[in-house]
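Scroll down for the structure; my scribbles are underneath it.
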2 protein chains.
Amino acid sequence: MTETTPRRRDAERTRAELLTVATEVFATSGYAGTRVDDIAARTRTTKRMIYYYFGSKEQLYLAVLENAYRGIRAAERDLHPGDLPPLEAVRRLAELTYDHHLGHSDFIRLVSIENIHHGEYISRLGSLREVNRDALGILDGVLARGRAEGTIRDDVDALDVHLVISSYCFFQVANRHTFGHLFDRDLLDPALRDHHRRIIGDVVAAWLSAPAADG
Amino acid sequence: MTETTPRRRDAERTRAELLTVATEVFATSGYAGTRVDDIAARTRTTKRMIYYYFGSKEQLYLAVLENAYRGIRAAERDLHPGDLPPLEAVRRLAELTYDHHLGHSDFIRLVSIENIHHGEYISRLGSLREVNRDALGILDGVLARGRAEGTIRDDVDALDVHLVISSYCFFQVANRHTFGHLFDRDLLDPALRDHHRRIIGDVVAAWLSAPAADG
DNA sequence: CGGCTAATGTAATCACCGGTACGTTCACAT
DNA sequence: ATGTGAACGTACCGGTGATTACATTAGCCG
């Protein structure tokens, strides 16, 4: 981060650098807690440029949010369970999701922050909707295969499964601090990673292979 | 909220009112997003009193946080699964926790906020630690019974189970807005409540009754 | 080269916000 | 009833932080 390139003018680079740094700062301090001066100070350029490229603190935050969601989508496209039996595929997906969340804590924090704000900013980014929808497509396919085989219960849909997996993985990152303090267990301790990853795999595999409850 | 009691002087009431209102405002707007003037405006008293009773915005927030955690502990004491077979007891506990979380969204939001701040405030409230520890006691007892009977797998501990249950319930409240926007499903829609409650029950019951993986 | 615009830098502005100085009034004890 | 301290209210201060007015330079195009 220290003085890699000379100060030649480069709009793209300047803009990109601001976005990257802003992402870190917003993720670290929240929206209201972030100082525009602070973002600027961490770049090779000045506060003036934030207004030149983004117009306002709010629009910068919106750009950060949209960029983060798009980046996550791209990363999620690599989450393919492969060609496994349905139950194993879901287990695999859960474990991949676990690693994925742990590797994108800035994004997780931005989501938390956005929820603190009652989603008022994300609701202005309508274009993101389609993005996450097809993340469910893969899962839906796997579940359908399993239901056809009779190896997966038929009273849950992809969104339910997604919810269970996401909740668990999200919590590990989002609530690391309070949980760690109250229970003396650092959820992100590398030594616990395999244990925690296996748990979410076990949980969904056991759940989905159990017989459906009678309506 | 409008003019219930005359303005007779009452230190306890004033303090309590400030604490209640501050809890709502902090939970709604986050720490940095909260304006001390705003809290004062929503009470029958003035900003001056916040400083009189709490000293600073920060100390007010600490009081809110501590108070919220203590209140939750009290409420959690009523979460008794009753005298059921171990597996059913855990299911019951999961479903009670679900309702409990949904009924305390202010608290959930404060926890999110506190994690945004890397737990820096909660870490100053050491007295809270013991509180949550014995919330695990009940669960631990149930699991032990089940393991002895052979109805509950022996490779998970109370904290693991607590983590799975809390994650799911927490997520429903904490991520309501982003999830709702991205997937068009309002997690707190009353019509979905029974469905969601049943899921977490099914999940833990299926998981814990499955045979332990070989080491 | 000369010039024109995109890109950048400097230094202010102005509202907002946490905190306080100072004055007043209530309620209780004697 | 009155003195005294706790409880309360008003008006203000000083700094901070988002935003902008104005000045400048760099690079490209002909």
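From a predicted model like this one, the values you see are computed outputs, not experimental measurements. Just so you know, these numbers use all the heavy atoms, side chains as well, and skip hydrogens, waters and symmetry mates. The chains referred to below are lettered A, B, ... by the order of the sequence lines, with proteins before strands, and numbering in each begins at 1.
Side-chain nitrogen and oxygen atoms of T14(B) include at least one within less than 4.0 Å of the OP1 or OP2 phosphate oxygen of dC8(D). Dashed line: the shortest gap from a side-chain N or O of R9(B) to OP1 or OP2 of dA27(C) is not under 4.0 Å.
Set against dT8(C), dA6(D), dT19(D), the side chain of Y52(A) has dT8(C) as its closest nucleotide. For D37(B), whose side chain is taken as the heavy atoms from C-beta onward, the closest listed nucleotide among dA6(C), dT19(D), dG18(C) is dG18(C).
Aromatic ring centroids of H101(A) and Y168(A) lie 6.0 Å or more apart. Taking the ring centroids of Y61(A) and F54(A), they lie at or beyond the 6.0 Å cut-off.
Atom CD of E12(A) and atom C1' of dG27(D) are 16 Å apart (whole Å). Atom P of nucleotide dA11(D) and atom CE of M49(B) are separated by 15 Å, given to the nearest angstrom. Taking atom OH on Y51(B) and atom C1' on dA21(C), their separation rounds to 15 Å, with Å as the unit. Between K57(B) atom NZ and dC16(C) atom C1' there is a gap of 12 Å when expressed in whole angstrom units. Atoms CZ (R44(A)) and P (dT8(C)) sit 11 Å apart, rounded to a whole Å. Taking atom CZ on F54(A) and atom P on dT8(C), their separation rounds to 12 Å, with Å as the unit. Per the geometry, CZ belonging to R13(B) stands 11 Å off P belonging to dA27(C), to the nearest Å. Atom CZ in R35(A) sits roughly 12 Å away from atom C1' in dG18(C) (whole-Å rounding).
Of the residues near DNA chain D, T45(B) and R48(A), the one whose nearest nucleotide (by heavy atom distance) lies more toward the 5' end is T45(B).
At a threshold of 4.0 angstrom between heavy atoms, the contacts of Y53(A) are confined to the sugar-phosphate backbone, with no base atom among them.
At a cut-off of 3.5 angstrom, the base of dG19(C) holds at least one donor-acceptor pair with the side chain of K47(B).
Within the 4.5 Å cutoff, the side chain of T178(A) has heavy atoms near those of the N175(A) side chain.
Between A89(B) and L84(B) the shortest heavy-atom distance is N-CB, 3.9 Å.
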- request: Could you please spell out the steps behind the salt bridge (Lys or Arg N to Asp or Glu O under 4.0 Å) verdict for D194(A) and R198(A)?
  value: CA-CA 6 Å; D194(A) 288 347; R198(A) 173 189 277 256; over 6 Å; no
